Amino acid sequence: MFADSLKTKIKELTKEILTDDWKANYSNKNTKSLGIQDAELIISDFLEHREYTCAFEHLEYVISETETQLTGEQAQKMEKLGLSLKMK
């Protein structure tokens, strides 16, 4: 049950951060970093294989590499998820 909650929270936060505008911005760039343009697919694959920490870490990687600015609420959600995964 706890795992399903983590899966749902990571999935929802990924969609919230990697919006259509975000995708349009990075699909037009020659992004050489692996896993940026197909970030949603990679995160989804991790979630389907119950690799929640890997999914979360990939989302963190994408945010960092693309210098995506999070809202205060998104930053709080990321922090809470990170703490939840450490406790797991």
Side-chain angles (χ1 to χ4, degrees):
M1 187 162 144
F2 181 68
D4 288 336
S5 175
L6 279 175
K7 179 179 179 178
T8 300
K9 287 179 183 179
I10 294 170
K11 192 175 200 175
E12 288 174 354
L13 189 54
T14 298
K15 286 185 179 196
E16 187 178 318
I17 294 170
L18 307 183
T19 63
D20 289 338
D21 289 340
W22 182 93
K23 291 176 205 171
N25 188 33
Y26 287 97
S27 67
N28 294 332
K29 292 184 178 180
N30 186 12
T31 307
K32 295 187 187 220
S33 297
L34 295 174
I36 300 295
Q37 292 182 353
D38 55 351
E40 262 189 311
L41 178 61
I42 292 169
I43 292 168
S44 179
D45 284 345
F46 280 135
L47 292 175
E48 289 308 310
H49 291 96
R50 297 179 180 259
E51 296 181 25
Y52 306 118
T53 301
C54 292
F56 179 77
E57 288 175 350
H58 193 74
L59 180 57
E60 284 183 314
Y61 162 76
V62 171
I63 292 166
S64 174
E65 284 295 308
T66 59
E67 298 179 352
T68 298
Q69 296 296 312
L70 301 180
T71 65
E73 184 180 340
Q74 290 168 336
Q76 285 179 335
K77 289 178 183 179
M78 288 291 293
E79 186 175 335
K80 285 181 184 178
L81 273 173
L83 291 172
S84 294
L85 288 165
K86 286 180 184 177
M87 293 171 42
K88 185 180 170 206

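All of these numbers come straight from a predicted model, not from anything done at the bench. What's counted below: heavy atoms across the whole structure, side chains too, no hydrogens, waters or symmetry copies.
- Note that CD of Gln76 and CG of Leu70 are 11.5 Å apart. Values are rounded to the nearest 0.5 Å.
- In the hydrophobic clustering of ILVMFWY residues, with side-chain heavy atoms under 4.5 Å counting as a link, Ile42 and Leu85 come out apart.
- Within the 4.5 Å cutoff, the side chain of Lys15 has heavy atoms near those of the Glu40 side chain.
- Residues Trp22 and Ile17 are not in side-chain contact: their nearest non-hydrogen atoms beyond the backbone lie 4.5 Å or more apart.
- Here Glu16 pairs with Lys77 in a salt bridge; the nearest charged N to carboxylate O distance falls below 4.0 Å.
- Across all non-hydrogen atoms, the minimal contact from Met78 to Phe56 is O-CZ, 3.3 Å.
- The distance from atom NE2 of His58 to atom OG1 of Thr14, rounded to the nearest 0.5 Å, is 9.5 Å.
- Leu18 and Ala39 make their closest contact through CD1-CB, 3.9 Å (heavy atoms, listed as atom of the first residue, atom of the second, distance).
- To the nearest 0.5 Å, the span separating CG on Leu59 from OG on Ser64 amounts to 11.0 Å.
- Using a 4.5 Å cut-off on side-chain heavy atoms (C-beta onward), Phe46 and Ile10 make no contact.
- To the nearest 0.5 angstrom, Tyr52 atom OH is 10.0 Å from Ser5 atom OG.
- Interatomic distance, Glu79 CD to Ser84 OG, rounded to the nearest 0.5 Å: 10.5 Å.
- For the pair Thr68 and Val62, the minimum side-chain heavy-atom distance is 4.5 Å or more.
- Rounding to the nearest 0.5 Å gives a distance of 13.0 Å between CG of Asn25 and NZ of Lys23.
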